[in-house]
Amino acid sequence: MSESGYRIRVAVRDDCPQILNLVQELLTEIKLATSLVMTAAQLAEDGFPRHGPPAFTCHVAEPRDAPGQLVGICLHYVTYSAHVGRTAYLEDLYVVPAYRGHRLGARLMAALADWARSHRCSRINFTLPDGNAMVRRFYWQLGAVDLTADGWHLHRITGDALSRLGDLYRPEGDEL
Amino acid sequence: MTDSEVIVRKAVKEDCEQILGLVRELAEYEKMPECVEMTLETLQNDGFPSNGRPPAYTCHVLDRAGTLLGFALHFFTYSTWQGLSLYLEDLYVTPGARGTGLGRRLIAQVAGWAVDSGCARLNFSVLNWNASAKEFYKRIGADNLSEKEGWEAYRVSGRALSALADLARK
């Protein structure tokens with residue numbers, strides 16, 4: 001099927017089970033030993049809440065002759081830089097391997113860039129796992145620059161370390 | 001000045017002018033002062049919107065009798081693997097106020113906010129040449145994921161972003 005045989009649109013609540021399947025596929029493909037504790041119900045609740053703002057937006061790719069059968073996802077949310085203001089963060093980009101080669105990845109990124117522009121976001125930031133030259137080339141061709149080469153290193157506090165640190169601020173534990 | 005004279009609290013709209021001053025100081029320290037395009041009005045409107053929109057960020061500050069000695073600017077992010085997370089965009093204590101544990105108090109407040117909000121993770125980025133910052137974060141239990149797992153941070157902006165957005169309109 002040619003490029004025009006696919007449509008890019010914003011996800012709806014009912015897409016969540018399939019979005020989660022594709023997230024699981026992405027996790028397997030990048031071989032990250034991280035447990036996926038997310039459920040389709042939680043994803044739906046967080047992305048399409050009854051009250052309050054959604055935690056993310058997701059653009060999806062589907063065949064025009066099979067609407068609802070997702071073959072790609074681009075999940076993102078708004079972040080903030082004290083230097084430039086609102087920015088977009090790309091959390092997950094994935095196209096099912098059998099459907100690659102039709103520029104769906106580039107079209108999903110373009111949809112995100114267009115969305116970012118209309119939501120006053122001046123950047124798209126994202127992180128890539130180490131080691132995949134083909135993936136890096138894909139993003140370089142879209143104009144991405146490598147910030148880690150400029151010295152920025154991603155850090156994380158999680159689990160017990162996060163709880164312990166949080167406990168430090170409670171009034172009882174405020175003697176440091 | 002003793003540590004007990006300083007309180008850690010959530011920022012209010014009136015703090016934005018001082019926060020912006022500290023943002024500029026931090027940019028200077030990070031050797032990128034030309035990168036700060038932020039204005040007071042944007043910082044105020046984005047953090048304390050009046051039209052019912054959700055705030056784009058939350059800020060905690062170190063306050064000594066009305067003078068802000070430091071700030072932590074953060075916002076919620078989302079992991080499709082683990083759910084709600086918190087991203088710490090900026091953490092800064094003005095040089096004259098360092099050495100008394102204020103940085104640790106500030107990040108502890110942020111960590112408490114993360115935990116109370118149901119976040120599984122607190123993420124942030126550190127410049128690789130900033131040895132004292134890396135040491136500070138290591139001591140409070142942070143992992144350097146770029147080193148440990150190979151994650152690299154990328155960005156699309158400026159003309160590249162416009163060109164990419166234009167593709168969607170074709």
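Just the heavy atoms: all of them, side chains too, but no hydrogens, waters or symmetry mates, feed the values below. Just so it is clear, the structure is predicted and the values come from calculations on it, not from any experiment. By convention in this document, chain letters (A, B, ...) are assigned in the order of the sequence lines, proteins followed by strands, and residues within each chain are numbered from 1.
Under a cut-off of 6.0 angstrom, the local environment of CZ in B:Arg159 is sparse, with at most 12 non-hydrogen atoms contributed by other residues, nucleotides or ligands. When the shell of 6.0 Å around OH of A:Tyr99 is examined, it contains 12 or fewer heavy atoms from other residues, nucleotides or ligands. Within 6.0 Å of atom CD in B:Glu17, 12 or fewer heavy atoms from other residues, nucleotides or ligands are found, so the atom counts as exposed in its surroundings. Few gaps surround CD on B:Glu34; more than 12 heavy atoms of other groups in view lie less than 6.0 Å from it. Within 6.0 Å of NZ in B:Lys138 there are 12 or fewer heavy atoms belonging to other residues, nucleotides or ligands.
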Given A:Leu75 and B:Thr80, is the side-chain contact (heavy atoms from CB on, under 4.5 Å) satisfied, shown in steps?
-> CA-CA 9 Å; A:Leu75 193 141; B:Thr80 44; 3.5 Å; yes
Decide yes or no on side-chain contact (heavy atoms from CB on, under 4.5 Å) for B:Ser125 and A:His155, but give the supporting numbers first.
-> CA-CA 5 Å; B:Ser125 296; A:His155 283 60; over 6 Å; no
Carefully, step by step, assess A:Asp46 and B:Leu84 under the rule side-chain contact (heavy atoms from CB on, under 4.5 Å).
-> CA-CA 9 Å; A:Asp46 292 337; B:Leu84 202 66; 6.0 Å; no
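Of the atoms belonging to B:Leu73, it is side-chain heavy atoms, and not backbone ones, that fall under 4.5 Å from chain A. Contacts between B:Phe124 and chain A at a heavy-atom distance below 4.5 Å involve backbone atoms as well as side-chain atoms. Of the atoms belonging to B:Arg53, it is side-chain heavy atoms, and not backbone ones, that fall under 4.5 Å from chain A. Proximity to chain A is absent for every atom of B:Cys59, based on heavy atoms less than 4.5 angstrom apart. Heavy atoms of A:Arg107 lying under 4.5 Å from chain B are absent altogether. Only the side chain of B:Asp90 has a heavy atom closer than 4.5 Å to any heavy atom of chain A. With a threshold of 4.5 angstrom between heavy atoms, B:Tyr57 approaches chain A through side-chain atoms but not through N, CA, C or O. Contact of B:Glu30 with chain A is made through the side chain alone, with heavy-atom distances under 4.5 Å. Contact annotation for A:Ser118: neither backbone nor side-chain heavy atoms come within less than 4.5 Å of a heavy atom of chain B. Interface residue B:Ala120: only backbone heavy atoms are found under 4.5 Å from chain A. Of the atoms belonging to A:Asp146, heavy atoms from both backbone and side chain fall under 4.5 Å from chain B. Within the 4.5 angstrom heavy-atom criterion, only side-chain atoms of A:Tyr77, from C-beta onward, approach chain B. With a 4.5 angstrom heavy-atom cutoff, A:Ile30 touches chain B only via side-chain atoms. B:Thr39 does not touch chain A: none of its heavy atoms, backbone or side chain, sits under 4.5 Å away. Contacts between A:Tyr80 and chain B at a heavy-atom distance below 4.5 Å involve backbone atoms as well as side-chain atoms. When heavy atoms are compared at a cutoff of 4.5 Å, B:Leu86 does not approach chain A at all. Contacts of B:Gln82 with chain A are made by both backbone and side-chain atoms, with heavy-atom separations under 4.5 Å.
Considering only heavy-atom pairs separated by less than 4.5 Å from chain B, the leading option among A:Val145, A:Leu36, A:Val37 is A:Val145. When the candidates B:Asn130, B:Leu127, B:Leu145 are compared by the number of heavy-atom contacts under 4.5 Å with chain A, B:Leu127 comes out ahead. Comparing A:Ala113, A:Cys121, A:Ala106 by heavy-atom pairs within less than 4.5 Å of chain B, the highest count is held by A:Ala113. Ranked by heavy-atom pairs under 4.5 Å with chain A, the list B:Gly141, B:Gly158, B:Gly47 is led by B:Gly141. Heavy-atom pairs under 4.5 Å with chain B peak, among A:His76, A:Arg86, A:Glu91, A:Arg120, at A:Glu91. Options A:Met38, A:His83, A:Gln42 differ in how many heavy-atom pairs under 4.5 Å they form with chain B, and the most are formed by A:His83. Ranked by non-hydrogen atom pairs under 4.5 Å with chain B, the options A:Leu112, A:Thr79, A:Leu43, A:Ile19 are led by A:Thr79. Heavy-atom pairs under 4.5 Å with chain A peak, among B:Val23, B:Asp46, B:Ile19, at B:Asp46. Among B:Ser79, B:Ala56, B:Ser146, the residue with the largest count of heavy-atom pairs under 4.5 Å with chain A is B:Ser146. Ranked by heavy-atom pairs under 4.5 Å with chain B, the list A:Ala88, A:Ala110, A:Gly52, A:Pro53 is led by A:Ala110.
Looking at heavy atoms from C-beta onward, A:Pro129 lies out of side-chain contact with B:Glu149 at the 4.5 angstrom threshold. Inter-residue side-chain proximity for A:Arg123 and B:Val156 is flagged as unmet; no heavy-atom pair is nearer than 4.5 Å. Here the side chains of A:Thr127 and B:Glu152 are not in contact, with every heavy-atom distance at 4.5 Å or above. Using a 4.5 Å heavy-atom cutoff, the side chains of A:Arg117 and B:Asp166 are in contact.
Residue B:Arg155 holds its CZ atom at 7.0 Å from OG of A:Ser81, rounded to the nearest 0.5 Å. Separating the CZ atom in B:Phe76 from the CZ atom in A:Phe56 is a distance of 16.0 Å, to the nearest 0.5 Å. Put simply, CG on B:Leu164 and CG on A:Asp114 are 9.5 Å apart, with the number rounded to the nearest 0.5 Å. The CG atom of A:Leu20 sits 12.5 Å away from atom CH2 of B:Trp81, with the distance rounded to the nearest 0.5 Å.
No chain of hydrophobic side-chain contacts below 4.5 Å, direct or via other Ile, Leu, Val, Met, Phe, Trp or Tyr residues, connects A:Val84 to A:Val78. A continuous path of ILVMFWY side-chain contacts below 4.5 Å connects A:Val135 to A:Phe126, so both sit in one hydrophobic cluster. Hydrophobic clustering keeps B:Ile7 apart from B:Val12 (ILVMFWY residues linked when any side-chain heavy atoms are closer than 4.5 Å, directly or through intermediates). The same ILVMFWY cluster, assembled from side-chain heavy atoms under 4.5 Å apart, contains both A:Val71 and A:Phe138. Hydrophobic clustering of Ile, Leu, Val, Met, Phe, Trp and Tyr side chains at less than 4.5 Å, counting indirect connections, unites A:Leu108 with A:Trp140.
Using the six-membered ring where Trp is involved, B:Tyr154 and A:Tyr139 have ring planes that are tilted, between 30° and 60° apart.
A donor-acceptor pair under 3.5 Å links the side-chain atoms of A:Thr148 to the main chain of B:Ala153, judged by distance alone.
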